[in-house]
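The structure appears right after this line, and notes come after that.
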Amino acid sequence: MARIGVFICHCGENISATVNVTQVAEAASKLPGVTYATDYKYMCSDPGQTMIIEAIKEHKLTGIVVGSCSPRMHEATFRKVAEKAGINSYLCEIANLREQVSWVHPKSDATTQKAIDIVRTLVQKVKQDSPLYPIKVPVTKTALIIGGGIAGIQAALDIANAGHQVIIIEKSPSIGGHMSQLSETFPTLDCSQCILTPRMVEVAQHPNITLHTFAEVESISGFVGNFDVNIKLKARSVDLSKCTGCGTCWQKCPSKKIPDEFNEGLSDRTAIYTPFPQAVPNKPVIDRANCIWFLKGKCGLCKKNCPTGAIDYEMQDEIINIKVGAIVTATGFDIKHTDFFPEYGYGQYRNVIDGLQFERLASASGPTGGEIRRPSDGKIPEKIVFIACAGSRDKAKGIEYCSKICCMYTAKHAMLYKHKKPEGKAYVFYMDIRAAGKNYDEFVRRAIEKDEVLYIRGRVSRIYEKNDKLIVKGIDTLLNAQPIEIEADMVVLATAVVANKDAELLAQKMHISYDKHHFFSEAHPKLRPVETNTAGIMLAGACQTAKDIPDTVSQASAAASKVLGLFSSDEMTREPIVAVVNRMAPPQFTTCTGCLLCMEVCPYNAIEREEIRDRRTGDLIKVAAKVNAGLCQGCGTCVAFCRNKSIDLQGFSNQQMLSEVIALLNQPF
Amino acid sequence: MNFMSEFEPKIVAFVCNWCTYAGADLAGTNRTKYASNVKIIRFPCTGRIDFMLLMKAFENGADGVIVSGCHPNDCHYTSGNFHARRRWIIFRSLLDFIGFDTDRITFSWISAAEGNKWAQIVDEVTEKIKSKGPFTDLKKLNCTLLKQLYDEAITK
Amino acid sequence: MKIGYYPGCSLESSSKEYSKSLLAVAEKCGIIPEEIKGWSCCGASAAHNLNHDLAIVLPARTLAIAEEQGFTEILVPCAACYRRLAAAQYEVTTNEETHKKVESYLELKFSGKIKILSVIEFLQKYISPVADQYIVNNLNQKIACYYGCLLARPKETSTLKRTEDPLEMESVLEKTGAKLINWAFKTECCGASLSVSSTAIVAKLSGKIIENAVASGAESIVVACPMCHMNLDMRRPEIKKQIKKDLDIPVLFITQVLGLSMGIPADKLGLNNHFVSTKKVISSIVKKEA
């Protein structure tokens with residue numbers, strides 16, 4: 001006989017403001033099978049939880065329903081409470097009365113009635129819950145870090161230093177990411193490469209870290225603690241074990257006119273190349289799409305001249321398989337490069353460049369040796385106009401969000417220019433100045449007061465070329481909306497931060513959520529910023545949203561700590577929401593007819609074919625399906641397919657779902 | 001048509017935990033307001049939904065049904081939503097064949113980030129079902145009537 | 001399928017050559033748009049400066065009577081008329097109250113959903129697909145296409161894909177063999193109706209447009225709006241005084257250029273009605289090789 005307890009939370013005022021919680025508890029108490037019903041201000045708090053435990057013991061409850069916030073928030077909390085009180089934690093169901101009732105409907109009888117309906121539905125469900133016991137699975141204590149920028153590097157070092165194995169994969173030929181392209185970093189004006197390269201080397205030399213560059217994720221399957229990942233090691237055409245990084249090959253390469261990605265197209269590189277002098281690994285790769293040997297079958301100079309015979313044109317892409325327990329996604333960001341600002345001549349006028357290109361100009365190892373020069377004629381500009389918010393916060397350009405880092409790096413760029421050319425004039429057209437970090441506002445004030453960068457609050461409507469100059473037509477809103485025209489030598493656009501173009505594909509491979517801008521979704525925007533909804537996959541860095549270096553490093557360490565928590569025991573308990581094929585006494589054994597349709601549709605290959613045989617003679621009696629509880633993820637696809645309902649999902653059984661539907665629509669008699 | 005404005009439809013939503021349920025939670029976190037006629041039953045995946053449950057809902061007094069899950073390619077369990085989609089296509093043509101008003105069932109994709117879309121769909125479906133009126137086609141079998149019709153038929 | 005024709009005031013008077021050339025090109029391609037019977041003023045700038053209801057009702061009347069006369073599409077070559085008709089359509093189709101109010105003013109019932117074709121849409125839909133059959137001349141000209149503002153803004157009712165750097169006129173004129181140059185003032189304001197009240201402003205703004213076109217290497221400017229044409233062509237003396245340069249770059253309607261490439265004689269295209277001589281454009285015609 002069911003003895004259910006119903007506990008309705010006020011959630012402070014969040015639920016009780018629009019739902020009459022006392023009435024809900026009263027209605028619940030009248031439901032068949034409900035022994036005890038009450039309401040309380042904060043059910044998840046210590047006294048609230050204690051109250052539940054005492055009620056369970058006193059009234060000998062066999063199951064509980066908590067009417068509260070979303071189960072996605074506190075289902076785990078209340079399940080632990082049930083456990084503590086001595087009943088199976090799966091005999092606890094949550095009625096979502098906050099996110100899906102009190103917060104979205106006005107105070108009314110209808111709202112209270114909806115709350116009552118939902119509680120009634122879950123009372124019916126919990127009456128049919130059976131005790132379930134967590135499944136123990138071993139944890140593979142190796143972490144996979146996707147992305148070798150500062151986020152990936154930080155997370156890798158933290159996990160490796162804690163004694164676990166780490167595998168980093170990076171799709172470009174070297175780790176370092178965008179941070180390696182930067183000249184100086186705000187607010188300290190530290191040389192970016194100087195603070196990054198020691199970490200890159202540490203990663204390469206760390207005994208617990210395996211680094212695969214020029215590699216990409218091919219497929220991911222499995223589940224938390226037990227991921228199965230296929231990685232494609234793209235063919236470098238260079239044998240890393242033989243190459244010494246002497247550089248003879250790229251010095252001899254005749255193909256010298258390929259736009260250099262690292263220098264953002266401001267200079268050219270050869271077909272066999274290392275991306276930058278401090279690359280890790282400092283060994284080249286052949287860009288087969290632009291190599292004469294691969295295009296026409298001629299040349300071969302690199303191979304002929306290589307002193308160690310490391311060049312291998314026959315090298316193929318290789319797929320390796322690794323087993324990891326946790327994955328950290330640190331794939332970073334891109335900036336908007338496309339022709340989305342025709343009114344600024346971006347993509348058309350050579351002297352209208354973006355922020356990353358300016359970084360390369362300012363960088364001592366860049367195409368101009370650190371001198372700010374115009375890409376069109378190499379002259380040093382006398383006047384530079386910086387345009388902040390180029391694309392961000394602009395619905396018309398499709399990007400409503402703020403890209404966070406541009407106000408700071410624009411100030412930085414203007415300062416760097418003024419340091420190199422004090423007589424030059426730097427103008428910044430801005431909408432707002434967002435300098436909220438530590439020492440950030442002081443940095444911007446320094447640009448304005450000490451380095452005399454001219455800040456103009458207003459937007460630019462058009463830029464056009466006239467006699468080798470760029471005429472910038474803008475407006476100064478703080479000067480009574482005065483139109484301004486500046487004859488600039490160069491214009492730098494702080495273009496919006498966007499997700500990588502293959503972010504969507506990667507998210508789909510990993511089954512993690514992403515938003516409409518293809519930034520990966522965190523599990524909860526406030527309280528779970530480094531996890532995703534997919535257990536075992538963490539997020540770090542700008543792949544989640546635009547972020548500066550201090551926040552990226554923080555998030556990377558946070559992600560690492562989540563991974564270390566996962567690795568802290570040898571075994572992990574898994575939720576027992578798994579499918580089960582029914583079994584019964586002979587001669588039936590099971591109602592399953594062995595059609596194995598469930599096996600075909602299971603996305604996790606968790607269903608096997610089982611032969612039920614006579615114990616003594618060994619004769620085959622029947623073929624049936626069998627679920628491997630270790631692999632089953634509890635989606636229930638098999639259940640919906642089964643023609644005679646021989647397979648069912650624990651926690652969401654056929655009987656439970658049916659009784660929920662009936663209970664939802666019918667008041668008790 | 002005035003009496004229609006008194007009619008508050010009962011609509012059941014069968015949604016998947018990972019996308020639409022989360023999207024509905026997001027609508028809540030954003031305090032987006034929408035009609036209260038839709039009540040959710042949570043499933044791990046739309047692939048789990050046995051479509052006879054939809055019929056049970058109508059049989060028990062629902063006037064409309066919403067089935068909603070992850071966008072194609074984004075299913076938390078890889079392919080559950082594909083199966084649900086195919087199942088729906090076949091089921092819908094069966095329902096059309098028997099004369100059921102398939103417009104009372106709405107099939108949608110709502111991701112965890114689309115709180116606004118959830119609210120919008122709820123309001124739209126509520127409006128639509130309101131204007132259609134209560135669902136009265138599937139009544140519980142009236143055995144007395146059936147016997148009477150049978151008796152009439154065999155005496156002819 | 002008949003296309004309704006709404007010339008508007010300008011095409012009957014100051015920009016007669018636009019109407020002439022448009023109808024000549026259409027006829028060449030076998031299309032005879034039919035003038036909407038009893039059409040009236042669209043309200044232009046005057047109406048929406050004075051009274052919001054009037055500004056919607058005036059152009060809505062044209063939509064209503066065109067619908068009544070059985071047209072499914074209407075061709076509106078003047079950019080201002082096009083903008084006012086499109087605005088009226090937007091208001092009545094997105095706001096049921098406005099729709100009812102307009103219907104009561106007009107004492108006419110209409111859906112307002114008739115398809116309004118700007119000259120560019122008309123050329124793209126009906127002329128470009130068959131242009132190859134009729135184009136007999138190549139134009140040896142460097143042309144700057146000037147769109148003005150009304151075709152590009154507001155974004156909600158603009159049919160141009162890239163409102164800051166449109167390419168629709170260029171794609172229509174590709175087949176004429178002319179070189180369509182890239183320049184920065186495609187959608188900059190010419191001064192519009194300030195032509196009458198503050199000619200000095202028009203001289204300044206239109207002057208900048210002409211200067212940039214010439215600096216970008218254009219030999220002629222092509223427009224699709226009678227107001228643009230007036231400001232860039234008729235106001236040339238004031239412009240010359242303002243910019244202190246003697247720039248004689250001719251300004252043609254897009255339909256005139258198409259007409260020339262189709263071998264229609266210059267006088268049938270109204271090319272002798274311009275203030276700035278179009279002789280250089282006419283003499284740049286070279287017969288296409290077979």
Heavy-atom closest contact (A:L658 atom, B:L53 atom, distance): CA-CD2, 3.7 Å
Which bit of [X] is near chain A, if near means a heavy-atom gap under 4.5 Å: side chain, backbone, both or neither?
{"X": "B:F51", "value": "neither"}
{"X": "B:A35", "value": "backbone"}
{"X": "B:V38", "value": "backbone"}

Which of A:A507, A:A110, A:C635, A:P603 touches chain B most, by non-hydrogen pairs under 4.5 Å: A:C635
Only pairs of heavy atoms separated by less than 4.5 Å count here; which of [options] has the most with chain A?
{"options": "B:C75, B:G115, B:G47", "answer": "B:G47"}
{"options": "B:G61, B:C16, B:A57, B:C19", "answer": "B:A57"}
{"options": "B:A24, B:A84, B:A113", "answer": "B:A24"}
{"options": "B:P44, B:A119, B:C70, B:C45", "answer": "B:P44"}

Residues which pass disulfide bond (SG atoms under 2.5 Å apart) with A:C543, listed by chain and number, not counting sequence neighbours: none
Taking donor and acceptor roles from the modelled atom types, list the N and O pairs under 3.5 Å across chain B and chain A.
{"residue": "B:N17", "atom": "O", "partner": "A:R72", "partner atom": "NH1", "Å": "2.8"}
{"residue": "B:Y21", "atom": "O", "partner": "A:Q100", "partner atom": "NE2", "Å": "3.4"}
{"residue": "B:Y21", "atom": "OH", "partner": "A:N96", "partner atom": "ND2", "Å": "3.1"}
{"residue": "B:D25", "atom": "OD1", "partner": "A:S70", "partner atom": "OG", "Å": "3.4"}
{"residue": "B:D25", "atom": "OD1", "partner": "A:N96", "partner atom": "ND2", "Å": "2.9"}
{"residue": "B:D25", "atom": "OD1", "partner": "A:Q100", "partner atom": "NE2", "Å": "3.3"}
{"residue": "B:D25", "atom": "OD2", "partner": "A:S70", "partner atom": "OG", "Å": "2.3"}
{"residue": "B:K33", "atom": "NZ", "partner": "A:W103", "partner atom": "O", "Å": "3.0"}
{"residue": "B:Y34", "atom": "N", "partner": "A:V104", "partner atom": "O", "Å": "3.2"}
{"residue": "B:Y34", "atom": "O", "partner": "A:H105", "partner atom": "ND1", "Å": "2.8"}
{"residue": "B:V38", "atom": "O", "partner": "A:K114", "partner atom": "NZ", "Å": "2.6"}
{"residue": "B:K39", "atom": "NZ", "partner": "A:D117", "partner atom": "OD2", "Å": "2.6"}
{"residue": "B:R42", "atom": "NH2", "partner": "A:E75", "partner atom": "OE2", "Å": "3.0"}
{"residue": "B:R48", "atom": "NE", "partner": "A:F652", "partner atom": "O", "Å": "3.1"}
{"residue": "B:R48", "atom": "NH2", "partner": "A:F652", "partner atom": "O", "Å": "2.8"}
{"residue": "B:R48", "atom": "NH2", "partner": "A:N654", "partner atom": "OD1", "Å": "3.1"}
{"residue": "B:D50", "atom": "OD2", "partner": "A:K645", "partner atom": "NZ", "Å": "2.8"}
{"residue": "B:N60", "atom": "OD1", "partner": "A:N666", "partner atom": "ND2", "Å": "3.0"}
{"residue": "B:D74", "atom": "OD1", "partner": "A:Q508", "partner atom": "NE2", "Å": "3.4"}
{"residue": "B:D74", "atom": "OD1", "partner": "A:Y514", "partner atom": "OH", "Å": "3.0"}
{"residue": "B:D74", "atom": "OD2", "partner": "A:Y514", "partner atom": "OH", "Å": "3.2"}
{"residue": "B:C75", "atom": "O", "partner": "A:H511", "partner atom": "ND1", "Å": "3.3"}
{"residue": "B:H76", "atom": "O", "partner": "A:Y604", "partner atom": "OH", "Å": "3.4"}
{"residue": "B:T78", "atom": "OG1", "partner": "A:H511", "partner atom": "NE2", "Å": "3.0"}

